[in-house]
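One structure below.
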Amino acid sequence: MHIAWLGKKSPFCGNVTYSREVTNALLDLGHQVSFLHFAQEEEINPENWPDFQEVSLPFLYKSQVYTIPTLKSSKILSDSLKELKPDVVHASLTLSALDFLLPEMCQELNIPLVATFHTPFDGKRRNITSGTQLLTYQIYAPFLANYNQTIVFSEVQRELLGRLNVPPDRVAVIPNGVDAEKYSPGASKIKYEFGAKRLFVYQGRIAAEKNVESLLRAWKKCDLGEDCKLLIVGDGPLAANLKPFYGEEYNIIWLGAVADEQRRIDILRGADVFILPSLVEGLSISLLEGMACGVACVATDAGADGEVMENGAGIVMSTNRVSAQLRTLLPILRDHPDLTAVLGKNARQRVLERYTLKRNISQLEALYTQVLQPQKMVRFG
């Protein structure tokens, strides 16, 4: 099967990880993949990406959240699809204007179109930020109704799109998956490197919706001692504002974005606790990676994250008063290594049961087969 994949390779974010892992897995299974993405020439085939046919789409601006394409980009995309003649187009939606043009473009070319809708959400709509996310859902819904299938990560997310008139039979729930052989418990020298007896980790964007400052305030207030370190892995618009107030004097170490995957795995393997204080989420790949590495995980019930950790696979917080909850939890997690060991074991088991990349790809292949059936009737019937 030939899949034309429209996604992101930079800047680093969950969407980038999703595109890399899924396209690598599809290639390993013998599928042909063409990758179309917003890029400058120097971004073609960076490290850790397979060597496959690529199409560079011009852009005016690109960030972790959204992309502004040039006026030429839609013609380049359309011409490329005509030349490539893929069996299916899969758009890992990049929050750009091209997302809205794709349905008509693919209909004209008689190519089935699948989307993965990453936009985070808070199913209970308990905060102002989730109102902004809901607006994104309202804007996208009329266009998603014209995709052959839209992939989301939980039933709550499917119900939200249903309330916005996206036909339920056009929405597929396929949770994110992680390579549980690569992301697995193992030896690590990270604690020794940073002089820590207990190591806590946040990994993700440093942005308002991730609510990192609530974690930082709680950490500073608790004063867990010099033997406890908090690693902040990632970058984003709020990093420069937060670093001056939450630095090494509080045993907080800012690593910035870590591009090397093995380094990120080593950090997770050496961590005792992974913390994700988000106000809104989809289904965090970083959370699944931490769980797969056998780390005790603490996260809010935003998006599908709470569902992932239910029934003892982690500690689930409300998105309300996150800092207050963490002030209670952090000393307990410091003082009870037996608790974190059990939580880490349960987390790993949950990933093996429900959230492996192999399971994700099997469901994705079945979805491709489903959307191709009517197309085969048109082309060969």
Side-chain angles (χ1 to χ4, degrees), residues 9-14 16-21 24-25 46-50 176-206 210 212 215-216 219 224 226-236 239 243 247-248 251-277 284-299 308-309 313-314 330 333-334 337 339-352 355-358:
K9 284 195 172 183
S10 67
F12 183 77
C13 60
V16 171
T17 302
Y18 177 83
S19 289
R20 185 189 66 230
E21 294 298 302
N24 267 312
E47 189 178 359
N48 296 327
W49 286 84
N176 281 334
V178 62
D179 185 337
E181 294 182 7
K182 184 166 52 175
Y183 287 87
S184 60
S188 171
K189 296 181 180 179
I190 291 297
K191 281 186 178 177
Y192 176 79
E193 179 180 337
F194 293 107
K197 288 185 178 178
R198 298 290 281 171
L199 189 63
F200 295 70
V201 172
Y202 166 82
Q203 181 173 294
R205 296 181 62 242
I206 315 300
K210 296 296 185 180
V212 181
L215 166 59
L216 297 171
W219 182 270
L224 299 180
E226 293 185 0
D227 289 340
C228 292
K229 300 290 170 66
L230 172 63
L231 299 189
I232 304 295
V233 182
D235 204 353
K243 285 181 184 179
E248 290 195 23
N251 300 305
I252 299 170
I253 301 166
W254 295 79
L255 295 185
V258 177
D260 181 77
E261 185 177 32
Q262 189 56 53
R263 172 71 167 169
R264 295 198 307 273
I265 292 172
D266 288 342
I267 289 169
L268 293 173
R269 285 176 171 173
D272 296 292
V273 181
F274 179 97
I275 303 174
L276 189 62
S284 171
I285 292 178
S286 291
L287 174 63
L288 293 178
E289 290 171 347
M291 293 174 70
C293 287
V295 185
C297 292
V298 180
V308 170
M309 298 190 303
L330 289 172
L333 295 167
R334 174 196 61 186
L339 170 63
T340 55
V342 169
L343 287 172
K345 183 179 178 180
N346 291 349
R348 168 78 179 169
Q349 187 59 36
R350 177 59 53 81
V351 167
L352 294 177
Y355 299 102
T356 63
L357 182 61
K358 183 177 180 180

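Atom set for the values below is all heavy atoms of this structure, side chains included, hydrogens, waters and symmetry mates excluded.
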Spatial distance of atom [atom1] ([X]) from atom [atom2] ([Y]) [nearest 0.5 Å]:
| X | Y | atom1 | atom2 | value |
| --- | --- | --- | --- | --- |
| Ile252 | Cys228 | CD1 | SG | 12.0 Å |
| Leu230 | Trp254 | CG | CH2 | 8.5 Å |
| Phe194 | Glu248 | CZ | CD | 9.0 Å |
| Phe200 | Leu215 | CZ | CG | 10.0 Å |
| Leu276 | Met309 | CG | CE | 8.0 Å |
| Lys229 | Glu193 | NZ | CD | 11.0 Å |

Heavy-atom pair of closest approach, residues [X] and [Y]:
| X | Y | value |
| --- | --- | --- |
| Glu226 | Asn251 | CA-ND2, 3.6 Å |
| Asn176 | Leu288 | O-CD1, 3.5 Å |
| Ala180 | Arg348 | O-NH1, 2.9 Å |
| Ala347 | Val295 | CB-O, 3.8 Å |
| Val258 | Arg263 | CG1-CG, 3.4 Å |
| Val178 | Val351 | CG1-CG1, 3.5 Å |

Would you indicate whether the side-chain heavy atoms of [Y] and [X] approach each other to under 4.5 Å?
| X | Y | result |
| --- | --- | --- |
| Tyr355 | Met291 | no |
| Arg269 | Ser184 | yes |
| Pro337 | Arg198 | yes |
| Lys345 | Pro185 | no |
| Leu268 | Arg264 | no |
| Trp219 | Ile275 | no |
| Ile232 | Leu216 | yes |
| Lys182 | Leu357 | no |

- Backbone N/O of Leu333 and side chain of Thr340: donor-acceptor pair under 3.5 Å: no
- Query: Counting distance only, does the side-chain N/O of Lys210 pair as donor-acceptor with the main-chain N or O of Gly204 below 3.5 Å?
  - Reply: no
- Query: So with a 6.0 Å cut-off around CD of Glu181, is the heavy-atom count from everything else above 12?
  - Reply: no
- In this structure, are over 12 heavy atoms from other groups packed under 6.0 Å from Lys358 atom NZ?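 Not more than 12 within 6.0 Å, no.
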- Message: Does Leu255 form a side-chain contact (heavy atoms from CB on, under 4.5 Å) with Ile267? I'd like the steps, not just the answer.
- Response: CA-CA 11 Å; Leu255 295 185; Ile267 289 169; 3.8 Å; yes
- Task: Flag the pair Lys191 and Asp272 as a salt bridge only when some basic side-chain nitrogen lies within less than 4.0 angstrom of an acidic carboxylate oxygen.
- Result: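 Between Asp272 and Lys191 there is a salt bridge, with a charged N closer than 4.0 Å to a carboxylate O.
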- Message: Going by side-chain contact (heavy atoms from CB on, under 4.5 Å), Val273 matches just one of Val298, Leu343, Val201. Which one?
- Response: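 Answer after filtering Val298, Leu343, Val201: Val298.
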